[in-house]
K.L.:
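First the structure, which I've put down as structure tokens, then a few questions once you've had a look.
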Number of protein chains: 2
Amino acid sequence: MDAKQSPASAEPSYVERLRRQRVRVTPQRLIVLEALAAHSGHIAADEILRWAAARYPAINLATIYRTLDLLISIGLVAQTDFGSGVSFFELVGDAPHHHLVCEHCHAVLEVEGNVLSPMHESILREYGFLTNTRHLALFGSCRACLAALESKVP
Amino acid sequence: MDAKQSPASAEPSYVERLRRQRVRVTPQRLIVLEALAAHSGHIAADEILRWAAARYPAINLATIYRTLDLLISIGLVAQTDFGSGVSFFELVGDAPHHHLVCEHCHAVLEVEGNVLSPMHESILREYGFLTNTRHLALFGSCRACLAALESKVP
DNA sequence: GTGAGTGCAAATGCTTTGCAGACGT
DNA sequence: ACGTCTGCAAAGCATTTGCACTCAC
């Protein structure tokens, strides 16, 4: 739904989208958005802090969290837990994708959204539950670790 | 796979399985296992503490966590994060199932394992990634909240 | 000018750890 | 008896909150 947004421009529309939500446009908020845009895959709060502090040294972690909460509540950002006690954040707006988290080497692969659509459909059909396409991490073993495990237990 | 285990008896095989792993059989460990067996769905560490303290008052949260780590490392227990900063634990041995966590009312539904097998297969085929059947929570909207949302935004 | 937004510091909640004593083998 | 396990208390970590000040509107 709604495919009308400029493909590769990052800066100008954010200001507009914040204004549309009647929230103030502050340098901190724009910088958090830039940090998210720069790491389009996924990024943790303290990584945002490091990134942001490089260009706005006074910025504070509490502000990062408050900003992320705001951006989530207005639908600009999605939050994902990879099971390590740390939350990761990403901009909503790219193609939907999910994360495969390797429990052995902790690598994170990204999966196209449509790989999971048959699952979404059967869960919706059988349980009446609409799975959120943007808040999903699957745990398991990546190809490399799988090979390593098989060579040990043949 | 392997359907050979007594259906409703809980105590004797645990002792054996602990011994087989060369770890000591202590009342604390058995009580944690009993707590897990009693809540076969999923249970958080502090709920285990409450349950265990009722029959072994001296037991300590740190012990619960250490015991859970041990049980996970020997493959008796699985850990799941529902995205709330709290970990949930369950015995490995029941039929595989996953969890549907409603982001609105925080209800947790259980899904049969095979609903997700087409997804497992396509991910294995396309990414060489073997998803862990026992460490999975899907977030989204349950039937009731879905209905409530639709009536607000028709 | 005013209230939303921020920085600072302290608090929170879950989980982990160091150490001395206890208990399973 | 030995070495593992436990209880206790304190630390650790990501995240949240209270409060006074600041800045976007």
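Chain identifiers are assigned alphabetically (A, B, ...) following the order of the sequence lines, protein sequences preceding nucleic acid strands; residue numbering begins at 1 within each chain. Source: prediction; values computed, not measured.
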K.L.:
Rounded to whole Å, how long is the line connecting atom CZ of Arg66(B) with atom P of dA9(D)?
P.N.:
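In whole Å, dA9(D) P and Arg66(B) CZ are 14 Å from each other.
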K.L.:
Using atom types as modelled and distance alone, determine if a side-chain donor or acceptor of Arg55(B) lies under 3.5 Å from a backbone N or O of Ile31(B).
P.N.:
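No, because the side chain of Arg55(B) does not come within donor-acceptor range (under 3.5 Å) of the backbone of Ile31(B).
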K.L.:
Hey, any chance Ile59(A) and Ile43(A) share a hydrophobic cluster, counting ILVMFWY side chains that come within less than 4.5 Å of each other, even indirectly?
P.N.:
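Yes, it is one cluster - the side chains of Ile59(A) and Ile43(A) are joined through contacts under 4.5 Å.
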K.L.:
Please tell me whether Phe139(A) and Met119(A) are part of a single hydrophobic cluster in this structure, the criterion being side-chain heavy atoms less than 4.5 Å apart.
P.N.:
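No: no chain of side-chain contacts under 4.5 Å links Phe139(A) to Met119(A).
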K.L.:
Would you mind reading off the distance between Phe82(A) atom CZ and dA14(D) atom P, rounded to a whole angstrom?
P.N.:
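Result: 16 Å.
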K.L.:
Do Ile74(B) and Val32(B) belong together in a cluster built from hydrophobic side chains that touch within less than 4.5 Å?
P.N.:
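The answer is yes; both residues are in one hydrophobic cluster.
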K.L.:
Mind checking whether Leu49(B) and Leu70(B) sit in one hydrophobic cluster, side chains of I, L, V, M, F, W, Y counted as touching below 4.5 Å?
P.N.:
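Same cluster.
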K.L.:
Taking all heavy atoms of Ala78(B) and all of Val92(B), pick out the closest pair and write down the distance.
P.N.:
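In terms of heavy atoms, the two residues are closest at N-CG2, 3.8 Å.
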K.L.:
Measure the distance from CD1 on Ile64(A) to P on dC13(D) and round it to the nearest whole Å.
P.N.:
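About 19 Å, once rounded to whole Å.
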K.L.:
Tell me, which pairs form a ring pair (Phe, Tyr, Trp, His ring centres under 6.0 Å) where one or both residues lie in residues 59-78 of chain A, sequence neighbours left out?
P.N.:
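Listed by first then second residue: nothing to list.
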K.L.:
Return the value, rounded to whole Å, for the distance between atom CG of Asp69(B) and atom C1' of dT17(C).
P.N.:
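That distance rounds to 12 Å.
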K.L.:
Output a table of nitrogen or oxygen pairs between the protein and nucleotides 12-14 of chain C separated by less than 3.5 Å.
P.N.:
residue	atom	partner	partner atom	Å
dC14(C)	O3'	Gly85(B)	O	3.4

K.L.:
Distance check needed: dA14(D) C1' versus Arg50(A) CZ, whole Å only.
P.N.:
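Arg50(A) atom CZ is separated from dA14(D) atom C1' by 13 Å.
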K.L.:
Are the side chains of Tyr127(A) and Glu112(B) in touch, meaning some heavy atoms are under 4.5 Å apart?
P.N.:
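Yes. Closest side-chain heavy atoms under 4.5 Å.
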K.L.:
Rounding to a whole Å, what distance do you find between Ile59(A):CD1 and dT22(D):P?
P.N.:
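The distance from CD1 of Ile59(A) to P of dT22(D) comes to 18 Å, rounded to the nearest Å.
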K.L.:
For DNA chain C, find the residues of residues 18-29 of chain B with a heavy-atom distance under 4.0 Å and give them by number; none if there aren't any.
P.N.:
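Of all residues in residues 18-29 of chain B, the ones placing a heavy atom under 4.0 Å from DNA chain C are Arg19(B), Arg24(B), Val25(B), Pro27(B).
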K.L.:
Report the relative orientation of the aromatic rings in Phe82(B) and Phe88(B); use parallel for angles under 30°, tilted for 30 to 60°, perpendicular for over 60°.
P.N.:
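Ring orientation, 0 to 90° scale: parallel.
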K.L.:
What is the distance, rounded to the nearest whole Å, between atom CG of Leu49(A) and atom P of dC13(D)?
P.N.:
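Atom-to-atom, Leu49(A) to dC13(D), this comes out as 16 Å.
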K.L.:
Given dT6(D), dG7(C), dG7(D), which nucleotide is nearest the side-chain atoms of Ala58(A)?
P.N.:
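For the Ala58(A) side chain, the nearest candidate turns out to be dG7(C).
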K.L.:
dC21(D) P sits how many Å from Asn60(A) CG, rounded?
P.N.:
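For the pair Asn60(A) CG and dC21(D) P, the rounded distance is 17 Å.
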K.L.:
For Leu61(B), answer base if it contacts any base atom (sugar-phosphate contacts may also be present), sugar-phosphate if it contacts only those atoms, and nothing otherwise; contact means non-hydrogen atoms under 4.0 Å.
P.N.:
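Base contact.
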